[in-house]
**Q** 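Have a look at this one before I ask anything.
Note on naming: letters A, B, ... go to the chains in the order of the sequence lines (proteins, then strands), and numbering restarts at 1 for each one. All values below were derived from every heavy atom in this structure, side-chain atoms included, with hydrogens, water molecules and symmetry-related copies excluded.
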2 protein chains.
Amino acid sequence: MPASSVPDIVVGRLPLYLRALSQMTTEGKEVTSSQELGERLGISSAQIRKDLSQFGEFGKQGTGYAIPFLADQLRRILRVKSIWDVALVGVGDLGRAVAHYAGFVDRGYRIVALYDNDPRKIGEQIGSFTIMDSATMVSNIRSREIHVAMLAVPASDAQQVSARLIEAGVRAILCYAPTSIVVPDTVHVQYIDPVLHLQRMTYYLG
Amino acid sequence: MPASSVPDIVVGRLPLYLRALSQMTTEGKEVTSSQELGERLGISSAQIRKDLSQFGEFGKQGTGYAIPFLADQLRRILRVKSIWDVALVGVGDLGRAVAHYAGFVDRGYRIVALYDNDPRKIGEQIGSFTIMDSATMVSNIRSREIHVAMLAVPASDAQQVSARLIEAGVRAILCYAPTSIVVPDTVHVQYIDPVLHLQRMTYYLG
DNA sequence: TAGATTGTTAATCGATTAACAATC
DNA sequence: TAGATTGTTAATCGATTAACAATC
């Protein structure tokens with residue numbers, strides 16, 4: 001069932017399916033079809049069926065997919081049935097907003113450590129956590145066995161900080177700094193840079 | 001030169017190229033090659049050359065690309081030689097952080113209007129702008145001829161608010177709400193949902 | 001000139017879609 | 001049963017890569 005190698009582009013769509021299914025649940029729906037899901041997401045029904053079939057058979061001919069069951073299977077596949085502890089590095093405006101964001105927990109992630117290198121910020125309380133000195137970051141992350149980190153430092157620091165995160169055992173980095181970082185291929189990186197998205201759209205505006 | 005129809009996936013890489021070139025400029029570099037650019041970005045040199053060739057001939061055999069020239073061409077292609085006025089709807093924690101973010105202006109975008117529907121927030125000053133009542137949003141955006149918007153409202157409001165933005169003449173929406181919205185195909189939408197990226201990575205973590 | 005690197009072509013590779021038998 | 005929808009196959013479509021002549 002866990003096909004040896006699923007294309008990453010397929011993996012990238014699973015969270016989208018899960019998000020839509022969660023939304024349907026809050027709407028009180030209990031069953032859906034590949035067609036209905038596809039219309040919501042702007043994806044063809046064939047693609048959704050093909051993607052899901054990489055992992056098993058989750059539907060029933062004639063009726064479609066039971067939403068709670070499929071959502072649960074997707075959580076299992078994406079490994080978010082339990083909650084990942086996440087470290088956040090860089091507590092400027094953006095880092096603060098990320099730290100306050102309430103939408104992580106019910107989707108599998110919980111920020112449990114904040115680091116900054118600004119002496120004026122160290123010791124400050126954000127929610128129920130205290131900003132720690134990033135000098136202690138490597139040993140701290142390692143001893144707590146944190147494997148996921150968010151990077152909200154200036155672009156000029158991103159490469160160096162990511163190297164230290166990796167040294168500490170981090171294997172997945174969500175990078176908010178507007179820069180590309182180079183990591184060993186055992187480590188996963190994803191980027192969030194709003195300007196890239198804006199530029200991609202304004203290309204099309206007369 | 002402006003090839004009638006360039007694949008969107010190519011358009012999506014241009015901002016990445018521009019970002020890397022800007023970075024090289026701050027490093028004092030003046031010339032680069034498709035190979036060097038590719039190493040920074042984790043993209044093959046052939047792909048970079050192919051992508052650029054969709055828009056013209058910007059390099060010189062034997063020497064590569066003049067960074068200021070290529071960056072300027074990309075800015076022209078992406079339409080960020082002048083600055084786009086942007087409306088921001090929803091001024092919660094996330095919206096505030098977006099409003100404070102200093103990195104938009106030198107990359108082609110400037111937030112010039114903030115809207116919220118919470119009476120306690122309306123009138124509040126954020127930087128040099130005042131939060132306006134979203135009841136006035138449609139006429140306000142239309143009269144100011146704003147064509148780009150960022151959406152930082154709750155997921156449950158995103159569809160309805162985006163409809164009003166479109167009614168006001170907005171043609172590009174950057175959606176921070178964790179939901180998909182349905183828009184006419186004359187309108188462009190891009191999404192930012194950090195959890196999608198995290199889930200895509202934790203799939204691979206044992 | 002010799003070395004380097006572009007722009008482009010053709011070949012390869014991979015992803016999406018259409019279609020349908022199976023079956024609920 | 002009849003209608004609906006899955007899972008899967010084969011066909012199509014599109015994107016990436018390899019290779020190289022052109023040329024700076």
**Q** Which dot-bracket string fits DNA chain C when only Watson-Crick or G-U wobble pairs with both atom distances under 3.5 Å count, crossing pairs get [ ], and | stands for a partner on a different strand?
**A** ..||||||||||||||||||||||
**Q** Verify the distance criterion only: is there a donor paired with an acceptor across the side chains of A:T179 and B:Q23 at less than 3.5 Å?
**A** yes
**Q** Which residues pass the side-chain hydrogen bond (donor to acceptor under 3.5 Å, both in side chains) test with B:D118, sequence neighbours left out?
**A** B:R120
**Q** Taking NZ, NE, NH1 and NH2 as the nitrogens, is one of them in B:D85 or B:R144 under 4.0 Å from a carboxylate oxygen of the other?
**A** no
**Q** Can you say whether the rings of A:Y204 and B:H188 are parallel (under 30°), tilted (30 to 60°) or perpendicular (over 60°)?
**A** parallel
**Q** Any N/O pairs under 3.5 Å between the protein and nucleotides 14-18 of chain C? List them or say none.
**A**
| from | atom 1 | to | atom 2 | distance (Å) |
| --- | --- | --- | --- | --- |
| C:dT16 | OP1 | A:R13 | NH1 | 3.0 |
| C:dT16 | OP2 | A:R13 | NH2 | 3.0 |
| C:dT16 | OP2 | A:Q47 | NE2 | 3.0 |
| C:dT16 | O5' | A:Q47 | NE2 | 2.9 |
| C:dT17 | OP2 | A:S44 | OG | 3.0 |

**Q** With a cut-off of less than 4.0 Å, is there a side-chain N or O of A:Y65 near OP1 or OP2 of D:dG7?
**A** yes
**Q** Look for any protein N or O under 3.5 Å of an N or O in nucleotides 21-24 of chain D and output each such pair with its distance, or none.
**A**
| from | atom 1 | to | atom 2 | distance (Å) |
| --- | --- | --- | --- | --- |
| D:dT23 | O4' | B:Q61 | NE2 | 3.3 |
| D:dC24 | O4' | B:Q61 | O | 3.4 |
| D:dC24 | O2 | B:Q61 | O | 3.3 |

**Q** Between the side chains of A:S180 and B:R19, is a donor N or O closer than 3.5 angstrom to an acceptor N or O?
**A** yes
**Q** Less than 4.0 Å between a side-chain N and a carboxylate O, is that true for A:R96 and A:D116?
**A** no
**Q** Salt bridge between B:E27 and B:R40, side-chain N to carboxylate O under 4.0 Å?
**A** yes
**Q** Any base atoms under 4.0 Å from A:S34, or only sugar-phosphate, or nothing? Heavy atoms, all strands.
**A** sugar-phosphate
**Q** Residues two or more places apart in sequence or in another chain: which of them pass ring-ring contact (aromatic ring centres under 6.0 Å, His included) with A:Y101?
**A** A:F104
**Q** Which residues within residues 19-32 of chain B lie with some heavy atom under 4.0 Å of an atom in DNA chain D?
**A** none
**Q** Report yes or no: do A:Y115 and A:N140 form a side-chain donor-acceptor pair below 3.5 Å?
**A** yes
